[in-house]
Engineer: 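Handing you this structure, nothing more for now.
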Amino acid sequence: MDLSLMQKRYHVTTFGCQMNEHDSERMKGMLESLDYRAAEEQADADVILFNTCSIRETADSRFVAHLGHAKRVKKERPETIIGVGGCWAQSLKDEVFQQFPFVDVAFGPGQVHKLAEFLTSDSLTAQGYFEFEGFAGDLPDKRTREHQGWVQISVGCNCNCSYCIVPQTRGRESSRPFDGVVREVERLAGEGVREVTLLGQNVNAYGRDLRDAGGPRTFAELLAAVDGVEGIERVRYTSPHPKDMKEDVILAHAQLASVCEHIHLPLQSGSTPILKAMRRTYNRERYLDRVALIREHVPDCAITTDIIVGFPGETEEDFQLTLDVCEQVGYDGAFTFVFSPRRGTEAALITEGLVPHEVKVERMERLVEVVQRRAHERAQRFVGRTMEVLVEGTSRTDPSRLRGRTRHNKAVNFTGLAQPGELVMVEIERATSQTLAGAESLLARAGAGVG
Ligand code: 5AD
Ligand code: SF4
C-alpha cells in the first residue's frame with residue numbers, strides 16, 4: 001500500500017508582501033514537520049490555507065474570490081480545514097468567522113506556530129489567534145528557491161504612518177536576538193543558500209530594543225555579522241525607513257563584500273506637507289539628502305522605492321513634487337500604490353481633500369510613465385558591462401535561455417550553460433526598465449570583482 005496516500009495534504013495561497021511569502025514558507029515547513037505534504041490543487045487538500053494581506057485593495061477582492069472557491073470545497077468535503085492567516089485576518093479578527101462561517105481557523109501574522117497548535121489539538125472548532133507575542137521563535141521553513149533564503153530579523157513596527165495598517169496587525173517592534181539571526185544564516189549557508197534577504201517592517205531600527213547578553217545592537221552590526229558567514233555571497237534586506245537610514249548602513253554597502261548594491265528606500269511622497277500628514281517623520285530634503293549620501297559612498301547603487309498617489313489632501317502641486325523626486329533620483333524601479341483607506345488607520349478618518357478616483361488613476365499613469373522612463377534610462381548603464389548573476393532557473397519567456405539576478409537586483413535573461421545556484425558572469429547586451437538581456441561570459445570568472 002502506498003503510504004503517501006494516507007498522508008494529509010495542504011495547499012497555501014499567498015497574497016501580499018515578502019514578509020507574507022516568508023510566513024507562508026514557515027507555514028509549509030511547519031506542516032511538513034507535522035507530516036503533511038503539498039497538494040497541487042486546493043480541491044485535493046485536507047488543509048486549505050490563505051495567507052492574506054490588507055495593504056492593497058486588489059489583494060482583498062482577489063482573496064474574497066478565492067475564499068468562494070474554498071467554500072465550495074468545504075461544502076463537498078466538510079472535513080477539509082480552511083484557515084486564514086495574515087494581516088487581513090488580523091484586521092477583521094473574529095468578524096472573519098461571522099462573515100465567512102466556513103473558516104475553521106484564523107490567525108494573525110507571526111502566529112504561524114498557533115496553526116500547529118490548532119492542527120494538533122483535539123477540537124477542530126473555529127478558533128482565532130490574534131495576540132501579539134514577541135518573536136515567534138524558530139520554525140522550519142520550506143524554501144521556494146534552494147539558493148536564496150529569507151531571514152526574519154524583527155516583527156512589528158513602532159512607526160505611526162497614518163495610512164498603514166501594519167502597526168495594528170503586527171504590533172510593536174520586537175527584534176530577534178542577534179545570535180539567533182546569525183545562527184539561522186549559518187544554518188542556511190550550511191544547506192547551500194548563497195543569498196539571504198533580511199526581513200522586517202523597519203529593518204534599520206533593528207536591535208534597539210534588544211536587552212539580551214549583548215544589549216542593544218545596530219542593524220549595521222548585524223550586516224557585518226551576516227557578511228562574515230562563510231558561504232553567504234549576497235546579503236539583501238527590506239524594508240528600511242529613510243528616517244533610520246544612517247551612514248553606517250550605507251557604508252556597509254561600500255565596505256562589506258556580500259552586501260548588495262541595491263537599497264529599497266520608500267519615498268511615499270515627494271511633498272513635505274503630505275509626508276507630514278503621512279507621519280513619515282522626514283521631509284523631502286532629508287530624503288534627498290539620504291539619496292545623496294548613498295550616491296557618495298556607493299555611486300553605482302540601485303535605488304528602488306514605494307510611492308503612494310492620491311493621499312488625502314494631495315494637490316496637483318504636491319503630486320508634481322513627487323514626480324520631481326522621481327526625475328531627480330532616477331529610481332531603478334518603484335512599487336506604486338493608489339492610496340486606499342485602511343480600517344482603523346488615522347488616514348481613513350480624513351474627510352477633507354479626498355482625491356477623486358479619476359484623479360488618482362490619472363496621477364498613477366503619469367507617475368508610472370516617469371518611473372519607467374527613468375528606470376529605462378538608468379538601466380542603460382549596465383549595457384556593455386560584465387556582471388555577476390546568481391542563476392535562478394530557466395527564462396520564463398524562453399526556455400532555451402537562463403534567468404538570474406544581478407547584485408543590483410535586476411532580472412537577467414541570458415544564454416548560457418550554468419546551473420541554478422551558480423554565480424556566473426554575464427555580458428549585458430540590452431536593457432529595458434525591468435530586465436537585462438545578455439550572454440554568459442566563459443572568460444570572466446564570477447567573484448573576480450568585475451561588474
Ligand atoms: N494605501 C496605499 N498604499 C499603501 N501602502 C501601505 N498602506 C497603504 C495604503 N493604505 C504601501 C506603502 C508601503 C507599501 C508596502 O504599501 O507604499 O511602503
Ligand atoms: Fe507601515 Fe510605516 Fe511601519 Fe512601514 S514604517 S510598516 S509604512 S507604519
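Numbering of ligands and ligand atoms starts at 1, following listing order. Residue numbers count from 1 along this sequence.
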Engineer: Answer with side chain, backbone, both or neither: which part of Tyr163 has a heavy atom less than 4.0 angstrom from an atom of ligand 1?
Structural biologist: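 It is both parts that get close, each with some atom under 4.0 Å.
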
Engineer: Between Asp300 and Arg295, is there a side-chain N and carboxylate O pair less than 4.0 Å apart?
Structural biologist: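 No, Asp300 and Arg295 are not salt-bridged.
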
Engineer: List every atom of ligand 2 that sits less than 4.0 Å from any heavy atom of Gln201, numbering the atoms from 1 in the order shown and giving each element.
Structural biologist: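 This gives 6 (S) as the contact atoms.
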
Engineer: What residue and atom, counting heavy atoms only, is the protein's closest point to atom 7 (S) of ligand 2, and at what distance?
Structural biologist: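 Looking at atom 7 (S) of ligand 2, the protein heavy atom closest to it is Tyr163 OH, 3.4 Å.
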
Engineer: Please report the C-alpha distance between Phe311 and Phe339 in whole Å, then the side-chain angles of each, then the deciding distance to 0.1 Å, and finally whether the ring-ring contact (aromatic ring centres under 6.0 Å, His included) criterion is met.
Structural biologist: CA-CA 5 Å; Phe311 188 82; Phe339 170 75; 5.3 Å; yes

Engineer: Measuring from the heavy atoms of Ser340, does anything fall under 4.0 Å of ligand 1?
Structural biologist: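 It does; at least one heavy atom falls under 4.0 Å.
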
Engineer: Evaluating non-hydrogen atoms only, which member of Cys161, Ser239, Pro167 is closest to atom 2 (Fe) of ligand 2?
Structural biologist: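 Residue with the shortest heavy-atom distance to the ligand atom: Cys161.
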
Engineer: Find all atoms of ligand 1 within a distance of less than 4.0 Å from any non-hydrogen atom belonging to Gln268, and give their numbers and elements.
Structural biologist: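 It comes down to these atoms of ligand 1: 12 (C), 13 (C), 17 (O), 18 (O).
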
Engineer: If the plane angle is over 60° it's perpendicular, under 30° parallel, otherwise tilted; pick one for Tyr282 and His241.
Structural biologist: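 Rings of Tyr282 and His241: perpendicular, as their planes differ by over 60°.
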
Engineer: With heavy atoms of Cys164 as the reference, note each atom of ligand 2 found under 4.0 Å away.
Structural biologist: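 So the answer, numbered in order with elements, is 1 (Fe), 6 (S), 7 (S), 8 (S).
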
Engineer: Answer yes or no: is there an ion pair linking Arg290 with Glu285, defined by an N-O contact shorter than 4.0 Å?
Structural biologist: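 Not counted as a salt bridge, because no side-chain N and carboxylate O are separated by less than 4.0 Å.
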
Engineer: Does Arg280 reach ligand 2, in the sense of a heavy atom lying below 4.0 Å from it?
Structural biologist: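 Heavy atoms of Arg280 do come under 4.0 Å of ligand 2.
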
Engineer: Would you say the side chains of His297 and Glu247 form a donor-acceptor pair under 3.5 Å?
Structural biologist: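 There is such a pair between these side chains.
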
Engineer: Any carboxylate oxygen within less than 4.0 angstrom of a Lys/Arg side-chain nitrogen, looking at Glu173 and Arg208?
Structural biologist: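 Looking at Glu173 and Arg208, the cut-off is not met.
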
Engineer: Yes or no on side-chain hydrogen bond (donor to acceptor under 3.5 Å, both in side chains) for Asn51 and Thr14, after CA distance, side-chain angles and deciding distance?
Structural biologist: CA-CA 5 Å; Asn51 197 6; Thr14 311; 5.1 Å; no

Engineer: With Tyr237 as reference, evaluate Trp150, Tyr206, Phe219 under the ring pair (Phe, Tyr, Trp, His ring centres under 6.0 Å) test and give the passing residue.
Structural biologist: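 Among Trp150, Tyr206, Phe219, the one meeting ring pair (Phe, Tyr, Trp, His ring centres under 6.0 Å) with Tyr237 is Phe219.
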
Engineer: Against heavy atoms of His241, which atoms of ligand 2 measure under 4.0 Å?
Structural biologist: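 Checking each atom against His241, I get 5 (S).
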
Engineer: Find all atoms of ligand 1 within a distance of less than 4.0 Å from any non-hydrogen atom belonging to Arg342, and give their numbers and elements.
Structural biologist: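 Every atom of ligand 1 under 4.0 Å from some heavy atom of Arg342: 10 (N).
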
Engineer: Any idea how Phe100 and Phe102 line up, ring-wise: parallel (<30°), tilted (30 to 60°), or perpendicular (>60°)?
Structural biologist: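 Plane angle over 60°, so perpendicular.
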
Engineer: So if I count the atoms of ligand 1 from 1 in the order they appear, which ones are less than 4.0 Å from some heavy atom of Asp306?
Structural biologist: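 Every atom of ligand 1 under 4.0 Å from some heavy atom of Asp306: 13 (C), 14 (C), 15 (C), 17 (O), 18 (O).
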
Engineer: Going by the atom numbers of ligand 1, which of them fall below 4.0 Å from some non-hydrogen atom of Val338?
Structural biologist: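 Contacts of ligand 1 toward Val338, numbered from 1: 1 (N), 2 (C).
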
Engineer: Show which atoms of ligand 2 fall inside a sub-4.0 Å distance from at least one heavy-atom site of Cys157.
Structural biologist: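 What qualifies from ligand 2 is 3 (Fe), 5 (S), 6 (S), 8 (S).
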
